[in-house]
Amino acid sequence: MITMSRHPRRLLLGLTLGLMVATPLASQAGAHGQDPALGGEPFDINEVLVYRWRAGSEPPLAIKTAIHEAARDVRASLASRAATFTYASDGDSVIGYGTGTCGVNGIACFTRSAPDSFTMWLREQGRVYDWGTLKWCQTYAEPPDGCYDAETIALDEFGHVEGLGHHVNYADDRDYTDAVVQTLSRTKPKVGWNMHEFGVCDTATLQVLYDTPGASSPYSTCLELVTVLALSVNDASVPYGTTVSVTAGLRIKTEADYGEMSNNPVSKRTVRLQRRPPGTTTWVTFATMTPTTPTGSYVTSVKLQSSTEFRAVFSTPTTEGLRGDVSPTIKVTVGPCTGSCPTSSEQ
Amino acid sequence: MVESRWFRRAGPGLAAIGALAIVASTTLGAPEPRWEPSPCAGPPRTGDVPRGAWYQLDPVIEGGVRTGQRLEVGAAGLGPARTLTLGSESFAAGPFGGTVLVGTDDGRQSRVSLVDVGAGCAWSLGTTRYVVRRATLAPDGATVFEFRVDRGSRADLGVWRRSLDGRTPAVRVLAPIEAHAGFGPTWLTDFAWSGDGTSLAVQSCGETACRFRVLSLAGEPLRTVADPRVGDIVGLSGHRLVAHGSCRGLPCPLLVIDLEDGSSMILHAVAGQAALARDADGQPVVVHEIGADGTRLRRVDLDGRDLGPLAADPAGRRLVAGPARSGGTAEHAPDALLFGTDGRLSTGGTAAPFLRRLLDGTPVPIGEVP
């Protein structure tokens with residue numbers, strides 16, 4: 001997996017901010033894509049953020065438990081090398097319960113000061129709003145309809161702390177569960193009221209900001225990353241009957257918008273090798289290439305008795321957010337048979 | 001509209017906020033003795049000059065559940081803060097010439113009172129069977145604006161105007177805001193006056209985004225802002241509204257929106273707490289934190305011109321934003337800024353809140369009107 005220096009990470013966020021400034025209140029971005037990224041620095045790759053309770057504003061036990069569970073949800077579903085959260089009584093980041101400085105933000109709020117710390121507040125049970133009174137589901141043995149799930153809300157806040165902005169849903173909200181980081185939280189029993197893992201459009205942006213865990217890790221289906229498939233051969237002009245080694249290299253396209261994933265090698269995918277005689281038009285798949293080193297490489301050895309054109313194919317997968325690619329064609333010229341030669345039909 | 005002196009000094013954005021309730025009891029915060037504001041004599045009134053009054057409203061939480069709110073009030077030369085315990089649905093607004101508007105609800109009726117901080121007395125301004133969620137006092141010192149909801153359904157009932165002395169009945173001046181899926185249910189409605197006191201911004205906030213209706217007391221048409229990317233108001237200056245984006249946290253873009261043509265501009269993309277002040281020449285200046293940790297401050301005018309940094313408080317006290325964020329505010333000159341522990345005025349902080357002049361950063365103890 002590509003290791004990027006701190007400097008390019010700053011550049012990425014700088015670009016993001018530039019876009020925000022350039023289009024302050026332009027029309028809404030198209031619905032359903034990766035969550036927008038918030039301004040400001042991301043945390044460090046694989047950073048561990050340690051939180052404690054705010055003195056004098058500690059949550060009650062039920063809410064503390066929900067926040068701990070949300071921290072576990074982050075670790076279990078981040079699908080990236082984003083920061084993780086863990087509790088210690090001397091943590092640098094504080095989580096409070098009550099008013100804080102959330103402003104008008106109804107249910108919870110956060111601050112993020114990457115790479116050092118964050119804060120989070122959850123409003124208190126019984127707070128009265130224009131619409132009615134806040135109820136946390138965790139405070140009831142039998143949570144009533146209309147309550148908010150504190151674990152879901154805390155997970156939403158952790159997502160913000162990571163740098164995720166609110167997901168933009170389709171007009172009919174049919175993609176609501178693609179993201180837990182939402183503008184409008186849902187109450188029991190509406191679909192999505194108790195999401196306990198990041199959605200695919202949350203992890204998409206986490207991957208942009210923090211990269212995938214490894215070259216073989218799947219890319220979020222909320223992404224549609226362009227891949228680049230290269231192809232080479234160890235010798236492009238060989239004697240008759242020589243075995244050549246054809247090597248493909250699969251990478252994510254170099255693209256600023258791809259953030260940490262730009263130019264990533266992509267390994268352990270299905271890359272097929274196709275061949276055809278020069279001067280013909282029909283490709284024939286004859287091998288699934290074998291993953292090899294370096295990361296993102298695939299190889300197939302083939303014994304050649306005639307000149308052959310090759311290309312590699314990476315088909316668009318249905319299980320992750322990569323767009324397929326076809327490599328440029330390479331030609332291997334094979335010399336004439338000088339010994340015991342097969343008939344043309346045997347070639 | 002006649003602009004009274006206290007209002008000019010109070011500056012923009014000081015006229016609002018809190019949460020609804022009922023004056024369940026009046027006590028002095030421990031260890032102070034119990035405080036029972038006596039009824040004020042004569043008709044309700046505010047002071048003609050600012051008296052350095054301040055307030056801070058915080059929830060009272062017992063066993064993880066809000067049981068009420070604690071309102072601390074104080075004023076220059078008054079001595080220790082006075083504390084009232086309010087019901088869960090309550091609010092405070094002001095200060096207005098040494099007074100604080102307090103709203104309480106007992107589950108049957110809402111009462112709005114005007115507390116004279118210095119005199120230690122209060123006027124009841126009246127009761128209603130509707131729930132008064134917020135109120136503010138107009139610059140004339142004689143008109144109250146209230147936002148009400150229905151007691152049973154919590155439906156928006158709009159903004160109502162009535163006289164401070166109660167001699168004229170309440171009249172609705174703004175209809176309920178229309179439901180909009182992009183904003184969701186309204187969580188908090190709030191008021192903010194323009195710096196010159198001629199316009200009242202009514203802010204209706206969903207879970208994260210806010211809509212604005214700006215009511216002109218001079219009879220100009222109602223102006224509205226309804227963009228899901230706009231969050232809470234920082235201040236209103238003439239026809240320009242300064243607000244955060246709808247971020248649910250900080251840092252967050254800081255915007256200025258022109259109410260006349262709808263254009264907008266980002267003053268800073270990663271701003272923290274912010275306040276709208278006025279410089280010595282009376283020109284509006286936004287002071288905001290850069291980032292969320294409060295260690296760097298910047299001044300910018302409403303055209304986006306960078307006016308340079310402002311030193312942060314070495315003791316770590318943060319810029320106190322409007323009451324919606326900080327839960328309180330103080331009367332002070334428009335060219336001064338409030339700083340407090342965690343961006344709040346609470347006297348329980350590790351360092352006392354204080355005022356600083358915008359021009360030279362001169363610190364002034366809170367309660368002393370510059």
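Order of the sequence lines sets the chain letters (A, B, ...), proteins ahead of strands, with each chain counted from 1.
- Using a 4.5 Å cut-off between heavy atoms, A:E58 does not touch chain B at all.
- Between A:Y129 atom OH and B:R133 atom CZ the span is 9.5 Å, to the nearest 0.5 Å.
- A donor-acceptor pair under 3.5 Å links the side-chain atoms of A:Y97 to the main chain of B:G64, judged by distance alone.
- A salt bridge links A:D156 with B:R248: at least one charged nitrogen is closer than 4.0 Å to a carboxylate oxygen.
- A salt bridge links A:R54 to B:D342: one of the charged nitrogens lies within less than 4.0 Å of a carboxylate oxygen.
- When heavy atoms are compared at a cutoff of 4.5 Å, B:T67 does not approach chain A at all.
- A donor-acceptor pair is defined here as one N or O able to donate and one able to accept, closer than 3.5 Å; no such pair exists between the side chain of A:R112 and the backbone of B:G291.
- A:Y87 OH: more than 12 foreign heavy atoms inside a 6.0 Å radius.
- In this structure, the side chain of A:Q125 does not engage the main chain of B:R66 through any donor-acceptor pair within 3.5 Å.
- Closest approach of A:F110 and B:C247 over heavy atoms only: CE2-O, 3.7 Å.
- The main-chain N or O of B:D156 is never found under 3.5 Å from a side-chain atom of A:D130 such that the two would form a donor-acceptor pair.
- Here the shortest heavy-atom pairing between A:E124 and B:I61 reads CB-CD1, 3.6 Å.
- No more than 12 heavy atoms of other residues, nucleotides or ligands shown are found within 6.0 angstrom of CD on B:E178.
- Ring planes of B:W187 and A:W131: perpendicular class, angle over 60° (limits at 30 and 60°).
- No part of B:A209 comes within reach of chain A, as not one of its non-hydrogen atoms sits under 4.5 angstrom from that chain.
- Interface remark: B:R344 contributes side-chain atoms only to the contact with chain A (heavy atom separation under 4.5 Å).
- Here the shortest heavy-atom pairing between B:S88 and A:V128 reads OG-CG2, 3.9 Å.
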*asked:* A:T183 vs B:E207, test: side-chain hydrogen bond (donor to acceptor under 3.5 Å, both in side chains). Steps then yes/no.
replied: CA-CA 7 Å; A:T183 301; B:E207 191 176 337; over 6 Å; no
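- In this structure, the portions of A:S185 lying under 4.5 Å from any heavy atom of chain B include both its backbone and its side chain.
- Looking at B:V65, the atoms closer than 4.5 Å to chain A (heavy atoms on both sides) sit in the backbone and in the side chain alike.
- Counting all heavy atoms, side chain and backbone alike, B:V270 lies closest to A:G40 at CG1-N, 3.4 Å.
- B:C210 touches chain A through its side chain: at least one heavy atom from C-beta onward sits under 4.5 Å away, while N, CA, C and O do not.
- Closest of all the heavy-atom pairs between A:G39 and B:P251 is O-CG, 4.3 Å.
- A distance of 8.0 Å separates CG in A:D116 from CG in B:D293, rounded to the nearest 0.5 Å.
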